[in-house]
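Note that the structure is a prediction, hence the values are computed from the model and not measured.
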2 protein chains.
Amino acid sequence: MKTGRRDRKKQQTRQALIEAALRLVDERGLDHVTVEDIADAADVSPRTFFNYFASKDEAITGDLFVEDDGTGERLLSAAPGVPVVEAFLNAMAPGLTAMQDDRDVWFLRMRVMEANPSLILSLIARSSAAENQLVRVVAKRLGLPQAHPYPAVFAAAAGGAVRTAMMRWPSARRPLTDLVDEAFSYLATGLADPRGEQGSPGGQSPRDEQDPADPINERRNEL
Amino acid sequence: MKTGRRDRKKQQTRQALIEAALRLVDERGLDHVTVEDIADAADVSPRTFFNYFASKDEAITGDLFVEDDGTGERLLSAAPGVPVVEAFLNAMAPGLTAMQDDRDVWFLRMRVMEANPSLILSLIARSSAAENQLVRVVAKRLGLPQAHPYPAVFAAAAGGAVRTAMMRWPSARRPLTDLVDEAFSYLATGLADPRGEQGSPGGQSPRDEQDPADPINERRNEL
DNA sequence: GGTCGAACTTGCAGTCGCTGCAAACTTTTA
DNA sequence: TAAAAGTTTGCAGCGACTGCAAGTTCGACC
């Protein structure tokens, strides 16, 4: 359905804008890059930039799986017996592997965000839009009323877990899905003390984070 | 230490700005109120507004217990045996009751935010600053390395739970602490299905949300 | 192939959030 | 009462973002 030259050009422009934005902000820092700079680098008018993105930040933080990428549908269509948490993890899997495939761009993104904390806030704000959708979907799946607190808590916690995994991703040198699973394991045990002194250790034990410059541990680069 | 006339006037101006902002935005909607409007209503120059708040949103979303209000210290100084979740709830209690006392302002705030969703995003972004502090404090209390994922997941989930409780507060007509406890009960059970079909129901069972216009249930107004 | 309409780009003009600076003013301190 | 320290204000300016209307490109249909 999207095979015309027009759509191809649109996709190219979009890509060019994203890349220009990431590159420039990486080089100079967020507040030393104007929208005009980005537009120039992508060879379009500044006005056009705003036809693609609602804000400067949006071009940088990316779409993640914020928009409807089918996660909601998959969650709803999971077999009835499957618990919500599990169903959610499964529903998210395709999105996560998509991110894995785009690993280089995402790592750059994360680096840029680390260096410009206001972008992290933008990301959080954006993902909260996705969480709203999740609230509705979870409520629907469980047949709970819209005002029931569970779906909201679920979405907030799940969103937080995913975000946490994302932030750790570049330095953890492990597949994103691993990190997400680990984050959820803490939720699964009711946020019990991870040192196992008193909690009920049902999840896998967390491997210690390795030093970013650690030369040992050759699991790197497998993802 | 803050008893001079100068500090009293500052406090007054701040209050005036907050009230003006809330009132005007409540009346007209966020994008039909400029900073100049707010400053005029509080009878100060627009430039002065920005001496008090870093952004227009900040005057509206409020300080919540974002800034250091002692929560961190209380969490750290809790008895060593106390589990983190419990210690956190205890540490937060004073802040929550402070909000209860300011109930009218907070309800207005929540109404204004509901009506102007971008403000919710601002609130989320702001509270994530508080979550960062929480990450550090939790890591310190548990003696975990900074890079360990548990504190981050904890902070994200806890922050989400608190936020959820806050959003429900105006319509739930129950004390805020109740709502926070309830939200945390879902976390405590590892986000198990709240219908009890398969989860391990350790927490109190959730009372159903009541209709906002429900004339029954006379627990209202006790808080 | 030519023509029409839809989609996309662009410039323009304007509003508003927000900042740095320096001058005026007010409160505190000595 | 004079100096010091803190606060308010105006001004000038940058840059994000928007609506509008004109121009351009592309696709579809005859």
Which of the following nucleotides, dT18(D), dC18(C), dT9(C), is nearest to the side chain of Phe50(A)?
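Selected nucleotide: dT18(D).
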Which nucleotide sits closest to the side chain of Thr48(B): dT9(D), dC18(C), dT18(D)?
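Closest of the options to the side chain of Thr48(B): dT9(D).
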Rounded to the nearest angstrom, tell me the gap between atom [atom1] in [X] and atom [atom2] in [N].
X        : N       : atom1 : atom2 : result
Arg47(B) : dA22(C) : CZ    : P     : 13 Å
Phe53(A) : dT18(D) : CZ    : P     : 14 Å
Asn51(B) : dT8(D)  : CG    : C1'   : 7 Å
Gln12(B) : dT27(C) : CD    : C1'   : 15 Å
Lys56(B) : dC17(D) : NZ    : P     : 14 Å
Gln11(B) : dT7(D)  : CD    : C1'   : 15 Å

Per-nucleotide protein contact string for nucleotides 24-30 of chain D, where B marks a base within reach and S marks sugar-phosphate only (heavy atoms under 4.0 Å, - for neither)
-BBS---
Tell me which residues in residues 27-46 of chain A put a heavy atom below 4.0 Å from DNA chain C, sorted by number, or none.
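Of all residues in residues 27-46 of chain A, the ones placing a heavy atom under 4.0 Å from DNA chain C are Val44(A), Ser45(A).
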When all nucleic acid strands are considered with a 4.0 Å heavy-atom cut-off, which category describes Phe49(A): base, sugar-phosphate, or nothing?
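Answer is nothing: Phe49(A) stays at 4.0 Å or more from every strand.
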Salt bridge check, Asp57(B) against Arg126(B): does any charged N sit closer than 4.0 Å to a carboxylate O?
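Result for this pair is no, no salt bridge flagged.
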Closer than 4.0 Å, any side-chain N/O of Lys10(A) to the OP1 or OP2 of dA7(C)?
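So the side-chain polar atoms of Lys10(A) never come under 4.0 Å of the phosphate oxygens OP1 or OP2 of dA7(C).
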Would you say Tyr52(B) places a side-chain N or O within less than 4.0 Å of OP1 or OP2 belonging to dT8(D)?
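So the side-chain polar atoms of Tyr52(B) do come within 4.0 Å of the phosphate oxygens OP1 or OP2 of dT8(D), strictly under.
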Write down the atom of [X], the atom of [Y], and the distance for their closest heavy-atom approach.
X         : Y         : result
Ala42(B)  : Leu17(B)  : CB-CD2, 3.5 Å
Ala152(A) : Val135(A) : CA-CG2, 3.9 Å
Arg141(A) : Ala79(A)  : NH2-O, 2.8 Å
Gln100(B) : Thr177(B) : NE2-N, 3.9 Å

Parallel, tilted or perpendicular, judged at 30° and 60°: which one describes the rings of Trp169(A) and Phe107(A)?
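It falls in the perpendicular class, over 60°.
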For the pair His148(A) and Tyr150(A), name the ring-plane relationship: parallel under 30°, tilted 30 to 60°, perpendicular over 60°.
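Rings of His148(A) and Tyr150(A): perpendicular, over 60°.
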Within 45° of the ring axis of Trp106(B) and under 6.0 Å from its six-membered ring centre, is that where the NZ or CZ of Arg109(B) lies?
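Here Arg109(B) passes the 6.0 Å and 45° test against Trp106(B).
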Distance (rounded to the nearest 0.5 Å) between Ser127(A) OG and Glu131(A) CD
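Nearest 0.5 Å value for the OG-CD distance: 6.0 Å.
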Protein-nucleic acid N or O pairs under 3.5 Å, nucleotides 23-25 of chain C:
none

